[in-house]
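Within every chain, numbering begins at 1; the chains are lettered A, B, ... in the order of the sequence lines, protein sequences first and strands thereafter. This structure is a prediction, so every number in the text was calculated from the model and none was measured.
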Amino acid sequence: MSDLGSGDEGSSSQKYHQGMEQGSSEYDPGQQGQVEQELATKMLQIQSKRFYLDVKQNRRGRFIKVAEIGADGRRSQIFLALSTAAEFRDHLSAFSDFYSSLGPPNPDNVPEDGKLKSEMMIKDNRRYYLDLKENSRGRFLRVSQTITRGGPRSQVAIPAQGMIEFRDALTDLLDEFSTDEHAYKPDLPEGRHMHVDNKNFYFDIGQNNRGVYMRISEVKTNFRTAITVPEKSWPRFRDILADYCDKIKQPSTTGTVPGTGTGQANVGGGGISSDQPHPLVGNNTQQDTGTSLK
DNA sequence: GCGGCAG
């Protein structure tokens with residue numbers, strides 16, 4: 001439940017600077033889906049059902065909520081990352097092509113399970129099953145979303161006759177909202193907070209059009225500074241830190257005075273002075289990671 | 001005016 005769409009639409013609770021004042025960016029389930037915006041919505045009437053396609057956005061990224069309202073008012077919904085929605089759209093084309101190639105339902109030749117064609121999509125820990133099925137009511141595309149095997153599933157069923165209309169609506173939304181760097185947003189790890197003496201350190205993971213980065217902030221009462229570390233250099237940061245940790249905790253092997261620098265001259269092998277430019281310095285386009293002061 | 005049997 002830790003990513004797309006908390007399902008709490010219209011939540012009005014907004015906390016700013018969360019994680020900074022509260023130091024709660026770690027393991028806090030109460031902050032999902034805040035500042036959720038609805039960017040667009042489309043309604044489709046397909047036979048007896050209404051479908052709402054909502055493009056939404058929270059600080060984890062953009063996603064599409066597909067809600068089905070049955071004639072009896074029954075409501076079910078699934079969530080799709082924009083990248084998954086694009087994949088789904090492409091599948092819809094194939095499903096509708098297949099559907100239009102089918103002859104009339106033959107009562108004597110009912111497929112086992114009623115499944116005519118199936119696809120599966122995987123996005124992180126979510127699986128989406130697309131099944132063109134057939135029952136006494138007719139043909140329909142069942143789209144079910146599960147998080148864990150055997151766990152709860154949510155699903156919608158689109159009458160086969162409406163697949164094209166559905167695909168076109170989805171295409172419209174994707175064309176408008178899936179353009180730039182929002183197109184693909186992998187789930188990012190949660191941020192963390194560390195308190196030591198009178199200092200607070202925040203580790204926030206973010207992403208912009210140059211990739212994933214970690215922003216390490218040092219925060220005191222009236223002082224704040226941060227560095228932004230591109231994801232690809234995390235291992236080198238780790239190695240350098242680990243080297244220093246090893247050197248500092250074994251003073252007896254290098255001398256009697258710890259941390260004097262003996263044996264440390266080549267720590268990192270000169271890797272600190274990177275041969276690469278700083279790709280993220282001065283970048284103002286990154287999304288708010290929660291601790292950034294706006 | 002519906003109504004959709006797992007993963």
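- Partners of A/Arg89 by salt bridge (charged side-chain N to carboxylate O under 4.0 Å, His left out), not counting sequence neighbours: none found.
- What separates CG of A/Asn125 from C1' of B/dG7 is a distance of 16 Å, to the nearest Å.
- For A/Phe51 and B/dG4, the CZ to P distance is 13 Å, given to the nearest whole Å.
- Side-chain N/O atoms of A/Ser48 and base N/O atoms of B/dG3 include a donor-acceptor pair closer than 3.5 Å.
- Under the side chain to side chain donor-acceptor pair (under 3.5 Å) criterion, A/Ser48 pairs with no residue, sequence neighbours left out.
- Straight-line distance from the CD atom of A/Gln161 to the C1' atom of B/dG4: 13 Å, rounded to whole Å.
- In the hydrophobic clustering of ILVMFWY residues, with side-chain heavy atoms under 4.5 Å counting as a link, A/Phe140 and A/Met163 come out apart.
- With hydrogens and angles ignored, no donor-acceptor pair under 3.5 angstrom links the side chain of A/Gln155 to the base of B/dG4.
- Interface remark: the A/Arg142 side chain does form a donor-acceptor pair with the B/dG7 base, using a distance-only criterion of under 3.5 Å.
- To the nearest angstrom, C1' of B/dG7 lies 15 Å from CE of A/Met121.
- A/Leu39 and A/Met43 fall into different hydrophobic clusters, where Ile, Leu, Val, Met, Phe, Trp and Tyr side chains are chained together by heavy-atom contacts under 4.5 Å.
- Both A/Ser136 and A/Arg127 lie near DNA chain B, and the one whose nearest nucleotide falls closer to the 5' end is A/Ser136.
- Per the geometry, CG belonging to A/Asp131 stands 13 Å off C1' belonging to B/dC5, to the nearest Å.
- Between A/Glu134 atom CD and B/dC2 atom P there is a gap of 22 Å when expressed in whole angstrom units.
- If you check every strand for non-hydrogen atoms under 4.0 Å, A/Ala157 touches a base.
- A donor-acceptor contact under 3.5 Å links the side chain of A/Arg153 to the base of B/dG7.
- Stacking of A/Lys123 on the aromatic ring of A/Tyr128 is not recorded, the 6.0 Å distance cut-off and the 45° axial limit not both being met.
- Remark: P of B/dG1 and CD of A/Gln45 are 12 Å apart, rounded to the nearest angstrom.
- Rounded to whole angstrom, the span from the CG atom of A/Leu141 across to the C1' atom of B/dG4 amounts to 11 Å.
- Counting atom types as modelled, A/Lys49 pairs no side-chain N or O with a base atom of B/dG1 as donor and acceptor under 3.5 Å.
- By the 5.5 angstrom centroid cut-off and the 30-degree plane limit, A/Phe140 is classified as not stacked against the base of B/dG3.
- Heavy-atom nearest nucleotides on DNA chain B were determined for A/Pro159 and for A/Thr146, and the one closer to the 5' end corresponds to A/Pro159.
- Within the 4.0 angstrom heavy-atom criterion, no nucleotide atom of any strand lies near A/Gly70.
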